[in-house]
Amino acid sequence: NVSFIKIDTENFDFYILEDLLSIIDKFRIKPIIEFEINYTASPLSREEALIILDRFTNLGYKKIILDDCQGDGILIPL
């Protein structure tokens with residue numbers, strides 16, 4: 001079984017990711033999450049974006065190298 005979430009909220013994707021952190025443990029199957037790397041168009045700093053992504057890593061997702069992402073990022077559960 002696969003669970004998938006696509007986030008495309010025009011410059012608010014990292015805020016949605018941050019909110020998702022509070023409920024991700026309620027999913028029976030951790031979802032694959034696709035989102036736009038658009039933090040640069042928001043008041044969010046690179047460091048703040050990295051902190052959000054690192055929190056997903058701490059919850060069992062494969063680490064994302066932000067500089068390697070082109071357009072979209074994909075969080076994949078381990």
Side-chain angles (χ1 to χ4, degrees):
N1 290 333
V2 176
S3 181
F4 182 79
I5 296 174
K6 166 69 171 145
I7 303 170
D8 185 2
T9 55
E10 301 306 322
N11 307 330
F12 290 96
D13 291 34
F14 275 81
Y15 296 109
I16 302 298
L17 286 172
E18 187 172 35
D19 286 345
L20 190 55
L21 284 164
S22 67
I23 62 164
I24 200 76
D25 63 336
K26 296 184 185 337
F27 285 81
R28 187 173 51 85
I29 298 171
K30 286 185 183 172
I32 296 170
I33 305 167
E34 182 179 358
F35 61 97
E36 291 183 350
I37 305 293
N38 56 12
Y39 69 91
T40 57
S42 74
L44 207 61
S45 71
R46 182 179 187 282
E47 290 73 27
E48 290 169 316
L50 287 171
I51 289 169
I52 292 168
L53 294 178
D54 285 345
R55 288 179 63 198
F56 276 95
T57 302
N58 294 338
L59 291 173
Y61 280 82
K62 182 178 176 184
K63 183 167 182 66
I64 289 181
I65 308 300
L66 194 57
D67 296 333
D68 291 347
C69 296
Q70 300 291 325
D72 284 350
I74 298 179
L75 289 163
I76 301 171
L78 299 173

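The residues of the chain are indexed from 1 along the displayed sequence. Since the structure is predicted, the reported quantities are computational estimates derived from the model, not experimental observations.
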Of Ile33, Asp54, Leu78, the one forming a side-chain contact (heavy atoms from CB on, under 4.5 Å) with Tyr61 is Ile33
If you compare all heavy atoms of Ile74 against all heavy atoms of Phe35, which two are closest, and at what distance to 0.1 Å? N-CE2, 4.0 Å
Between the CG atom in Leu50 and the OG1 atom in Thr57, the distance rounded to the nearest 0.5 Å is 10.0 Å
For Ser3 and Ile29, work out which heavy atoms get closest and say how close. CB-O, 3.8 Å
Treating Asp13 as the side-chain partner and Glu36 as the backbone partner, does any N or O pair qualify as donor plus acceptor under 3.5 Å? yes
How close do Phe14 and Leu66 get, counting heavy atoms only, and between which atoms? CZ-CD1, 4.4 Å
Any side-chain heavy atom of Arg46 sitting closer than 4.5 Å to one from Tyr39? yes
Side-chain contact test, heavy atoms from C-beta onward, threshold under 4.5 Å: evaluate it for Phe27 versus Ile5 and give yes or no. yes
Treating Lys30 as the side-chain partner and Leu59 as the backbone partner, does any N or O pair qualify as donor plus acceptor under 3.5 Å? yes
Could you tell me whether Lys62 atom NZ has more than 12 heavy atoms of other residues or ligands within 6.0 Å of it? no
Find out whether Ile24 and Arg55 are in side-chain contact, i.e. whether some heavy atom of one side chain is under 4.5 Å from a heavy atom of the other. no
Under a single-linkage definition using a 4.5 Å side-chain heavy-atom cutoff for Ile, Leu, Val, Met, Phe, Trp and Tyr, are Ile51 and Leu20 assigned to the same hydrophobic cluster? no
Shortest non-hydrogen pair, Asn38 vs Glu10, comes out as ND2-C, 4.1 Å
CZ of Phe12: more than 12 outside heavy atoms within 6.0 angstrom? no
Ignoring hydrogens, what is the shortest heavy-atom contact between Ile32 and Pro77? Give both atom names and the distance. CG1-CD, 3.9 Å
With rounding to the nearest 0.5 angstrom, report the CD to CD1 distance, Glu47 to Ile52. 12.0 Å
Leu53 side chain near Leu75 side chain, heavy-atom distance below 4.5 Å: yes
